[in-house]
Amino acid sequence: MAIGAAMLLGCLGVPDARAETGTVRIAQQYGMIYLPLHVAVDKKLIEKHAAALGLAGLKVEMLQLASGAAVNDAILSGSIDVATVGATVLLTIWDKTRG
């Protein structure tokens, strides 16, 4: 509860972050749980919403990685921008990057 409240308060005082990028790199693991992401990419929903926010011409790249460790390594190295992972992978990356 305290972590959620701290995150909410932190977001309230932060202005919009803007960075120039032409490509968003998204990583996922294997499994049917990622079907909504495949639909969003197939229907170009990410590009549509990016264009509505003023980022016309955005490209989306999908990478499929075999394990949570590979996803963590990709995030830490800057090889990907977004990862779809489970809670254990999220906790591992949080532990590696805090402080």
Side-chain angles (χ1 to χ4, degrees):
M1 180 78 165
I3 293 174
M7 290 174 59
L8 178 63
L9 290 174
C11 291
L12 291 176
V14 178
D16 288 342
R18 303 271 176 180
E20 296 297 322
T21 183
T23 305
V24 173
R25 301 161 300 177
I26 302 173
Q28 67 174 6
Q29 296 179 44
Y30 293 96
M32 288 297 294
I33 195 165
Y34 303 106
L35 184 60
L37 181 60
H38 285 280
V39 171
V41 171
D42 184 59
K43 301 291 183 187
K44 301 202 178 289
L45 297 177
I46 298 168
E47 293 91 331
K48 174 186 166 188
H49 289 284
L53 294 171
L55 296 172
L58 184 74
K59 295 179 186 173
V60 175
E61 290 181 5
M62 292 290 298
L63 296 127
Q64 196 158 28
L65 302 174
S67 69
V71 172
N72 281 343
D73 290 343
I75 283 278
L76 291 173
S77 70
S79 300
I80 59 173
D81 302 307
V82 178
T84 54
V85 296
T88 55
V89 175
L90 177 66
L91 290 173
T92 301
I93 196 77
W94 172 77
D95 185 50
K96 286 184 178 183
T97 58
R98 70 183 181 136

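In what follows, every heavy atom counts, from backbone to side chain, and hydrogens, waters and symmetry copies are set aside.
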Item checked: Rounded distance [0.5 Å steps], CD in Q29 versus CD in Q64 -> 9.5 Å
Notebook entry, point to check: OG1 of T84 to CG of L90: how many Å apart, nearest 0.5 Å?
Noted result: 12.0 Å
Checklist line | Apart from I33 itself, residues in the same hydrophobic cluster as defined by side-chain heavy atoms under 4.5 Å | finding: Y34
Next item on the list: Determine yes or no for a side-chain-to-main-chain donor-acceptor pair under 3.5 angstrom, with R25 supplying the side chain and L63 the backbone.
Entry: no
Check: So, the side chain of T92 versus the backbone of A69: is there a donor-acceptor pair under 3.5 Å, distance only?
Finding: no
Side-chain atoms of residues 42-58: list all donor-acceptor pairs with protein atoms under 3.5 Å, sequence neighbours left out, distances to 0.1 Å.
none

Checklist line | Within-4.5 Å side-chain heavy-atom neighbours: L76 and K96 | finding: yes
Check: So do the side chains of I75 and I93 get within less than 4.5 Å of each other, counting heavy atoms only?
Finding: yes
Item checked: Co-membership, hydrophobic cluster, residues V82 and L37, 4.5 Å side-chain -> yes
Check: So if you build clusters from Ile, Leu, Val, Met, Phe, Trp, Tyr with side-chain heavy-atom gaps below 4.5 Å, do L65 and V85 land together?
Finding: yes
Next item on the list: Provide the closest heavy-atom pair for V89 versus G68 in the form atom of the first, atom of the second, distance.
Entry: CG2-CA, 3.5 Å
